[in-house]
*Asks:* 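Pasting a structure below so you can have a look.
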Amino acid sequence: MQAAVDTREVRPPSTLRRKAAAYLALTKPRVIELLLVVTAPTMILAQQGLPSLWLMLATLIGGAMSAGSAGAFNCYIDRDIDRVMKRTENRPLVTGELTDREALVFAYGLGAASIAWLWIFTNWVAAALSLAAILLYVVFYSIILKRRTAQNIVWGGIAGCMPVLIGWAAVTGSLDWAPFILFLIIFLWTPPHYWPLSMKYKDDYAAAGVPMLAVVRGRAQVGLQVILYAWATVACSLLLIPIADMGLVYTATALVSGGWFIYETHRLYHLAIHHQQVSPMRVFHGSIVYLSLVFLAVGIDPLLPF
């Protein structure tokens, strides 16, 4: 006897679900996740304890909307090069799931909502910093720097540093030296985080005409720059100890994870100068682990009595 055959038609996801998924992809959720990872610990450090649950939630929601708006603007601006690069070939404006107009309206709407949300539920300082972050990423990085200079990710990375200022301002209504040290940690961390990725996708960026450092310089030069920025990042992380009176947990985490991060960058450089097969994504993923550990310690340290 033959087994019964299921003749039910397999239906594609509904248009509404596909649209929602496309809009979500437009915001670059993985980038948002990383930005939120640094915001919450900064708020705990600013409070020297746990802020109110509502304030933390409101700040994280506003920050996510702000970062999502910047990501959507970036997808709109870069839609021509995204069609060339394999890494970005599934973005909504490349696949046609969203029109250019839909993406632009969404980006403006989400950006305006993020600023209003932070102004209403936190304070005007956090809202103004949110606006600055969007403008920095969209205008300074995406429009001005990205296609013109190999230093694009260095100065363009300023936008990615803004969440720590936003988080601190949401708690205190002002800024201090400690959030600027956290800002500088992320600023110096961005090149050794992103340049290994650009090594892996060097051909993609070259085809798209984007002068990432890996496109205009050899592997050894990129590896050396990654090392220098990694050392600077770790050194800066140690400055937080006297400035914010950090304790044992943060100090140990910054030293151990920083040493490991530096080792990984030296390993990448060693392989590059000896013309061996490099594994840049190992440094890329390792950099995320490093930053997450440092900021986890930033959030835990103020809650401990030592």
Side-chain angles (χ1 to χ4, degrees), residues 28 30-31 33-35 37-38 67 70-71 74 78 85 87 133 136-138 140-165 180-206 208 210-240 254 257-273 278-295:
K28 301 185 177 180
R30 290 185 178 179
V31 175
E33 289 174 12
L34 189 59
L35 296 179
V37 161
V38 304
N74 179 260
D78 283 354
M85 298 174 59
R87 186 173 72 90
L136 281 167
Y137 190 71
V138 175
F140 189 54
Y141 171 65
S142 299
I143 295 177
I144 297 176
L145 292 178
K146 185 170 183 178
R147 307 186 193 210
R148 289 179 171 85
T149 172
Q151 296 297 307
N152 48 21
I153 202 62
V154 177
W155 301 107
I158 292 174
C161 308
M162 296 299 286
V164 294
L165 301 187
F180 282 109
I181 294 298
L182 295 173
F183 178 101
L184 193 56
I185 291 171
I186 301 173
F187 175 77
L188 294 169
W189 166 88
T190 301
H193 164 66
Y194 201 87
W195 279 338
L197 182 72
S198 73
M199 290 176 71
K200 178 175 176 60
Y201 294 103
K202 173 184 174 181
D203 293 340
D204 263 7
Y205 284 114
V210 179
M212 287 295 176
L213 188 66
V215 175
V216 300
R217 296 286 186 271
R219 294 190 310 172
Q221 181 62 32
V222 177
L224 179 59
Q225 291 294 316
V226 166
I227 285 176
L228 295 175
Y229 274 99
W231 273 98
T233 302
V234 175
C236 186
S237 73
L238 300 179
L239 286 178
L240 192 65
S257 63
W260 168 70
F261 182 39
I262 288 172
Y263 165 78
E264 288 294 336
T265 61
H266 275 271
R267 179 180 178 275
L268 177 68
Y269 179 65
H270 175 82
L271 293 174
I273 62 174
V278 297
S279 50
M281 295 305 287
R282 174 169 166 164
V283 177
F284 172 78
H285 291 299
S287 68
I288 297 174
V289 173
Y290 163 74
L291 193 72
S292 300
L293 288 173
V294 167
F295 274 86

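Along the sequence shown, the residues carry numbers beginning at 1.
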*Asks:* Considering only heavy atoms from C-beta outward, does the side chain of Leu165 approach that of Phe180 to under 4.5 Å?
*Replies:* yes

*Asks:* Looking only at heavy atoms, which two atoms of Pro163 and Ala159 are closest? And how far apart?
*Replies:* CD-O, 3.8 Å

*Asks:* Kindly indicate, with the supporting measurements, whether the criterion side-chain contact (heavy atoms from CB on, under 4.5 Å) is fulfilled by Leu136 and Met162.
*Replies:* CA-CA 9 Å; Leu136 281 167; Met162 296 299 286; 4.2 Å; yes

*Asks:* What I want to find out is whether Asp203 reaches Arg87 closely enough, with some N-O distance under 4.0 Å, to be called a salt bridge.
*Replies:* no

*Asks:* Atom CD1 in Ile158, atom CG in Leu184: separation rounded to 0.5 Å?
*Replies:* 10.5 Å

*Asks:* State the CG-CD1 distance between Leu268 and Ile227, to the nearest 0.5 angstrom.
*Replies:* 7.5 Å

*Asks:* State, to 0.1 Å, how close Val154 and Pro191 come at their nearest heavy-atom pair, and which atoms those are.
*Replies:* CG2-CG, 4.0 Å

*Asks:* Closest heavy-atom contact between Leu35 and Ala67?
*Replies:* CD1-CB, 3.5 Å

*Asks:* With no hydrogens and no angle check, is any side-chain donor or acceptor of Arg217 less than 3.5 Å from a backbone partner on Leu213?
*Replies:* no

*Asks:* What pair of heavy atoms forms the shortest contact from Leu238 to Ala254, and how long is it?
*Replies:* CD2-CB, 4.0 Å

*Asks:* Does the side chain of Ile186 come within less than 4.5 Å of Phe295's, by heavy atoms?
*Replies:* yes

*Asks:* Main chain of Tyr137, side chain of Ser142: is a donor-acceptor contact present, judged purely on distance under 3.5 Å?
*Replies:* yes

*Asks:* Determine, using ring centers only, whether Trp189 and Tyr290 are less than 6.0 Å apart.
*Replies:* no

*Asks:* Which value, rounded to the nearest 0.5 Å, describes the distance between Ser198 atom OG and Asp204 atom CG?
*Replies:* 11.5 Å

*Asks:* Roughly how far, to the nearest 0.5 Å, is NZ of Lys202 from CG of Leu197?
*Replies:* 14.5 Å

*Asks:* Taking the side chain as every heavy atom from C-beta outward, state whether Thr233 and Ser237 have any atom pair closer than 4.5 Å.
*Replies:* no

*Asks:* Do Arg267 and Leu271 have side chains that get closer than 4.5 Å, going by heavy atoms?
*Replies:* yes

*Asks:* Write down the atom of Ile153, the atom of Tyr141, and the distance for their closest heavy-atom approach.
*Replies:* CD1-OH, 3.9 Å

*Asks:* Side-chain contact, heavy-atom cut-off 4.5 Å: Met199 with Val283?
*Replies:* no

*Asks:* Heavy atoms only: give me the nearest Tyr229-Pro192 pair and the separation to one decimal.
*Replies:* CB-CD, 3.4 Å

*Asks:* Under the side-chain contact (heavy atoms from CB on, under 4.5 Å) rule, what do Val38 and Leu182 come out as? Steps first, then yes or no, please.
*Replies:* CA-CA 9 Å; Val38 304; Leu182 295 173; over 6 Å; no

*Asks:* Are the side chains of Arg147 and Asp78 in contact, using a 4.5 Å heavy-atom criterion?
*Replies:* yes

*Asks:* Are Phe261 and Trp231 an aromatic pair by the rule of ring centers under 6.0 Å?
*Replies:* no

*Asks:* Using a 3.5 Å distance criterion without hydrogens, assess whether the side chain of Asn152 forms a donor-acceptor pair with backbone atoms of Lys146.
*Replies:* yes

*Asks:* Between atom CD of Glu33 and atom CD1 of Ile288, what is the distance when rounded to the nearest 0.5 Å?
*Replies:* 10.0 Å

*Asks:* Hey, could you give me the CG/NE2 distance between Leu291 and His193, rounded to the nearest 0.5 Å?
*Replies:* 8.5 Å

*Asks:* Mind checking whether Ile262 and His266 have side chains closer than 4.5 Å, heavy atoms only?
*Replies:* yes

*Asks:* With heavy-atom distances below 4.5 Å as the criterion, would you say the side chains of Gln151 and Leu145 are in contact?
*Replies:* no

*Asks:* Does the plane of the ring in Trp155 sit parallel, tilted or perpendicular to the ring in Phe187? Use 30° and 60° as the thresholds.
*Replies:* tilted

